[in-house]
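Before any comments, here is the structure.
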Amino acid sequence: MIARASQLFLPTLREPPADAEAASHQLLVRGGFIRQIGAGLWSFLPLGWRVHMRIEQIIREEINAIGGQEMRAPTLTPAELWETTGRIDVPILFHLTDSGGRPFVLSWTHEESMTFLAREIQSYKQLPQVWYHFSTKDRDEPRPRGGLLRLREFIMKDSYTFDADVAGLDAAFDRHEKAYARIFERCGLEAYLVEAESGVMGGKSSLGFLAPTGSGENELIRCENSDYFADVEAARGKPRPAELPEPLAALERVETPGVGTIEELAAFLGIAESATSKALPVVTGDRLVLALVRGDDRLSPEKLETFFERAFRPATEGEIRAAFGAGGGSLGPVGVDVEVIADEALREGQYVAGANEDGWHLRGVEAGRDYEATFADIRQTVAGDACPECGGKLEIQTAIEVGHIFKLGTFHSEAFGATFLDEDGREKPLVMGSYGIGLARTMAAIVEQSHDENGIVWPSSVAPYDVHVVALPGAEEIATRAAEALSAAGKSVLLDDRDQRAGEKFADADLIGCPIRVTAGKKSLEDGKVDVRDRASGAEKRLDVADLGKEFQ
RNA sequence: CGGGGCGUGGCGCAGCCUGGUUAGCGCGUUGGUCUGGGGGACCAAAGGUCGCGAGUUCGAAUCUCGCCGCCCCGACCA
């Protein structure tokens, strides 16, 4: 297969668009792969779509290999589908009506559609089922960003598994986990399986695949010894030890006029921030709770939400006054009639805490002796924490979530009455799992990981073309023969037959990033050879056109 | 939704503060000459509702108000 650049819609740009910051955003636009049509809305141009299709095909092969059946559900769906599960209220849903005024929703995921279909499953004899499709998702994202990093419309591969029991789900989940690892590996993408926070969806297991990148919305925690990876939101780093002063036999009141922050408190008392505790009153449902973390730690909203199994919000100034009789800067767990959730780090030792009296704190506050609390891991892991596996130092890195897999259980099947009869003739809800990969986001992540100052360096598995043949003036004929030889050897070839300067063609070739560049120029006319250059390493060698075929067998 | 920034030929920008004939520059595009292994030179040319709408003014890209769009930070987020 040979594509001629002179006839391709391949608009490359010398400069990146002004509003592009992420490397993938800049390079994909400059290389003529994608163009924007609105916030979070992008067109894939011929080269971009070729890459997208190659990623799609890798996913298809791997999901087929674990028994997936490819199908297709629509994106436009009747609103009642979403009323069935109550997910009609999800804020990122796009709502619309048809000309008759009937309400519709653009699917942002397909559990509802697939479960609707799964009602046709009648018997345990038909289980398990693994269904998947590549389909358009629309999400009214509050903030799309970064080119392909966060889109309002995108194509996702999503699988849905239906099993008779939890053991079946576990097996299906495990197969997907392994398939995903193979998919990302084949795409040339470094991605790690991490525990993800399922937040308000709560309870069920959820794992994410994070690809470390230069730009992204997630943060990957990784141990320096590579034995622990986690999303920062769920990471279980161990805090460094607190620097505590000598313990006190009893509480000691200390006046702290004008002290409102931990930083000021530590400075005023001449102690480390880690010797203090930070009190954060929150409201969940209709109860007020005091969350307590060490002074040098930050509360992890995701962990606290998981602990509560529901959303929460910071308490208002009025609520704080009413419950504690003091302002936000002087709160503590001692002597209050409020439930206290304390971070594990505070289980041992004595800390300075607010006295619930403006301008006063307490020294020597000790859990168990001075207050009762429920202990939980509610602190945010930070770089420098110790690894929970080996004690090594944890590092933090920007990342993109390219895949997410969930054990859904029976929430959707119960809502839809998607049941089957088991061996004993009992009616049971299908046990479900769902598994997603964002294709465009995967593409962006690959570029984030595989580029240099000159452009993209595509892994050969997803490159738009295997070989980029550059025809310099006078050598068009030999370039064409080289392209034909490569094509005959099964390679896809981009033949740059445009009437452009050599520098321009080389710059475009580097930018577009095909793994191999073959150059035919004046020198070729003399010796019949071409220059074969490896995009990644820059290594170059001269080969006879006749030998090109076997070079790439 | 809160904060900040931006909107001027295809791309990147200047002009705006301090209103005044034909709105400039670089790149790109078209035609031509020379050139030809890392974005070459010269000549000629095309291409603009200055985001939209009101207002102020003799006169608005420029000042005022409103709206829209886009980007970044935050909030939000299966």
Side-chain angles (χ1 to χ4, degrees), chain A residues 11-22 25-26 29-30 32 35-42 85 87 90-93 108-112 137 139-147 149-152 156 158 160 196-209 215 217-218 231 233-234 301-302 305-306 311 313-314 401 403-409 411-412 432-438 453-455 470-476 479 496 498-511 517-526 529-531 533 538 540 542:
Chain A
T12 57
L13 300 173
R14 184 188 292 228
E15 295 178 83
D19 54 18
E21 294 195 355
H25 185 180
Q26 295 189 0
V29 172
R30 282 189 57 209
R35 282 296 185 269
Q36 183 170 28
I37 204 155
L41 300 172
W42 289 79
T85 52
R87 297 208 296 178
V90 170
I92 61 172
L93 238 55
W108 60 292
T109 177
H110 280 84
E111 282 82 8
E112 276 74 2
K137 309 287 190 244
R139 299 182 176 183
D140 189 3
E141 291 287 352
R143 193 183 151 202
R145 69 189 96 186
L149 258 30
R150 190 174 197 81
L151 296 166
R152 288 201 291 182
M156 177 188 277
D158 38 325
Y160 300 88
E197 245 342 302
S198 41
V200 284
M201 297 307 288
K204 302 289 183 278
S205 170
S206 136
L207 299 178
F209 283 84
S215 297
E217 305 189 290
N218 296 75
D231 189 313
E233 295 179 359
E302 296 81 12
E305 194 166 279
T306 301
R313 60 171 174 84
E401 187 185 74
H404 207 151
I405 57 182
F406 296 91
K407 290 184 182 176
L408 295 175
F411 173 77
H412 299 82
M432 293 175 56
S434 83
Y435 319 82
I437 295 180
E453 62 280 6
N454 295 319
V470 174
L472 295 179
E476 292 84 358
D496 191 350
R498 299 171 304 165
D499 181 20
Q500 297 288 341
R501 314 285 305 181
E504 221 165 318
K505 293 191 172 195
F506 291 148
D508 272 351
D510 288 345
L511 178 60
R517 187 185 81 193
V518 170
T519 305
K522 205 180 333 185
K523 288 185 281 180
S524 309
L525 297 176
E526 296 160 10
K529 296 186 180 196
V530 290
D531 292 301
R533 184 186 173 96
E540 197 164 76
R542 284 187 73 72

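Owing to the predicted nature of the structure, the values given are computational and were not obtained by experimental measurement. In the text below, chain A, chain B and the rest are named by the order of the sequence lines, each starting its count at 1.
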- Message: For a quick check of understanding: with a heavy-atom distance under 4.0 Å over all strands, which category does A:R150 fall into, base, sugar-phosphate or nothing?
- Response: base
- Interatomic spacing from CH2 in A:W42 to CZ in A:R152 - rounded to 0.5 Å: 13.0 Å
- Query: With a non-hydrogen cut-off below 4.0 angstrom, is A:R35 in contact with a base, only sugar-phosphate, or nothing?
  - Reply: nothing
- State whether the distance check finds a donor on one side and an acceptor on the other, under 3.5 Å, for side chain A:R145 versus base B:C71. no
- Message: Suppose you measure atom P in B:U62 against the same atom in B:C6; what distance do you get, rounded to whole Å?
- Response: 15 Å
- Message: So for A:R14 and B:G10, does any side-chain atom that can act as donor or acceptor lie under 3.5 Å from a complementary atom in the base?
- Response: no
- For the pair A:D531 and A:R533, find out whether any cationic side-chain nitrogen is under 4.0 Å from an anionic carboxylate oxygen. no
- Nearest-angstrom distance, P atom, B:U56 to B:C65: 15 Å
- Would you mind reading off the distance between A:D531 atom CG and B:G37 atom C1', rounded to a whole angstrom? 8 Å
- Message: At less than 4.0 Å, is any side-chain N or O atom of A:Q500 found next to OP1 or OP2 of B:G40? Yes or no.
- Response: no
- Under a 3.5 Å limit on both distances, the Watson-Crick or wobble mate of B:C6 is B:G69
- Message: Can you work out whether A:G521 or A:E112 has the more 5'-proximal nearest nucleotide on RNA chain B?
- Response: A:G521
- C1' spacing across the pair B:G20 / B:G26, given as an integer number of angstrom: 28 Å
- Please answer whether the main-chain N or O of A:G474 pairs with a side-chain N or O of A:E476 as donor and acceptor at a distance below 3.5 Å. yes
- Message: At 4.0 Å (heavy atoms only), tell me whether A:D140 reaches a base, stays on the sugar-phosphate, or touches nothing.
- Response: nothing
- Message: Using atom C1' in both nucleotides, what's the gap between B:A23 and B:C50 to the nearest angstrom?
- Response: 8 Å
- Task: Just do the side chain to side chain contact (heavy atoms under 4.5 Å, CB included) check on A:L41 and A:L151 with the steps written out, would you?
- Result: CA-CA 6 Å; A:L41 300 172; A:L151 296 166; over 6 Å; no
- Task: Quickly work out the A:Q26 CD to B:C71 C1' distance and round it to whole Å.
- Result: 13 Å
- Item | Partner nucleotide, any strand, of B:G47 [Watson-Crick/G-U, under 3.5 Å] | none
- Message: So A:E141, base contact, sugar-phosphate only, or nothing? Heavy-atom distance under 4.0 Å.
- Response: nothing
- When you get a sec, tell me which of B:G38, B:C13, B:G39 is the closest nucleotide to the side chain of A:A18? B:C13
- Query: Given atom CZ of A:F406 and atom P of B:C77, what is their separation to the nearest angstrom?
  - Reply: 13 Å
- Ignoring hydrogens and angles, does a donor from either the side chain of A:E15 or the base of B:G12 sit under 3.5 Å from an acceptor on the other? no
- Identify whether any heavy atom of A:P17 sits under 4.0 Å from a base atom; if not, whether one sits that close to sugar-phosphate; answer base, sugar-phosphate or nothing. sugar-phosphate
- Message: Regarding A:P16, tell me which of base, sugar-phosphate or nothing describes its non-hydrogen contacts under 4.0 Å with the strands shown.
- Response: sugar-phosphate
- Message: Any donor-acceptor pair, under 3.5 Å, between the side chain of A:R501 and the base of B:G40, if you only look at N and O atoms?
- Response: yes
- Evaluate the criterion side chain to side chain contact (heavy atoms under 4.5 Å, CB included) for residue pair A:V470 and A:L472; output intermediate values, then yes/no. CA-CA 6 Å; A:V470 174; A:L472 295 179; 3.8 Å; yes
- Note on the structure: Which of B:G36, B:G38, B:C11 is nearest the side chain of A:R517? It is B:G38
- Task: Send over the distance from A:E217 CD to B:C76 P, rounded to a whole Å.
- Result: 13 Å
- Query: Looking only at atom P, what distance separates B:C58 and B:G53, rounded to whole Å?
  - Reply: 22 Å
- Hunt down the Watson-Crick or G-U wobble partner of B:C42, both distances under 3.5 Å, from any strand shown, or write none. B:G32
- Task: Scan A:S215 against the nucleic acid and name what it touches under 4.0 Å (heavy atoms): base, sugar-phosphate only, or nothing.
- Result: nothing
- Message: Looking at B:G26, which nucleotide sits across from it as a Watson-Crick or G-U wobble partner, both distances under 3.5 angstrom, or is there none?
- Response: B:C11
- Separation of the P atoms in B:U29 and B:C70, to the nearest angstrom: 29 Å
- Are the charged groups of A:R30 and A:E15 less than 4.0 angstrom apart, N to O? no
- Query: What is the nucleic acid contact for A:I92, judged by heavy atoms within less than 4.0 Å: base, sugar-phosphate only, or nothing?
  - Reply: nothing
- Query: From B:G39, B:C70, B:A75, pick the nucleotide closest to the side chain of A:D19?
  - Reply: B:C70
- Query: Applying a 3.5 Å limit to both distances, which nucleotide forms a Watson-Crick or G-U wobble pair with B:C1?
  - Reply: B:G74
- Task: In whole angstrom, give me the gap between the P atoms of B:G40 and B:G36.
- Result: 15 Å
- Check step by step if side chain to side chain contact (heavy atoms under 4.5 Å, CB included) holds for A:R498 and A:D508. CA-CA 11 Å; A:R498 299 171 304 165; A:D508 272 351; 3.0 Å; yes
- Task: Scan A:G147 against the nucleic acid and name what it touches under 4.0 Å (heavy atoms): base, sugar-phosphate only, or nothing.
- Result: nothing
- Message: Could you tell me the Watson-Crick or G-U partner of B:A54, where both distances fall under 3.5 Å? Say none if there is no partner.
- Response: B:U64
- Message: Less than 4.0 angstrom from a charged side-chain N to a carboxylate O is my criterion; do A:E217 and A:R145 meet it?
- Response: yes
- Message: Please classify the nucleic acid contact of A:K523 as base, sugar-phosphate, or nothing, using heavy-atom distances under 4.0 Å.
- Response: base
- Rounded to whole angstrom units, what separation is found between the NZ atom of A:K522 and the C1' atom of B:G38? 15 Å
- Query: When all nucleic acid strands are considered with a 4.0 Å heavy-atom cut-off, which category describes A:A507: base, sugar-phosphate, or nothing?
  - Reply: base
- Expressed in angstrom and rounded to an integer, what is the separation of A:E21 atom CD from B:G12 atom P? 14 Å
- Message: Any base atoms under 4.0 Å from A:R313, or only sugar-phosphate, or nothing? Heavy atoms, all strands.
- Response: nothing
- Task: Using the P atom on both, measure B:G28 against B:G12 and round to a whole Å.
- Result: 15 Å
- Whole Å only: how far is the CD atom of A:E453 from the P atom of B:G38? 17 Å
- Message: Keeping A:Y160 on the side-chain end and A:H110 on the backbone end, is there a donor-acceptor pair under 3.5 Å?
- Response: yes
- Looking only at B:G36, B:C11, B:G38, the nucleotide nearest the A:D499 side chain is B:G36
- Spacing between A:D508 atom CG and B:G39 atom C1', to the nearest angstrom: 9 Å
- Looking across every strand, which nucleic acid part, if any, lies under 4.0 Å from A:G38 by heavy atom: base, sugar-phosphate, or nothing? sugar-phosphate
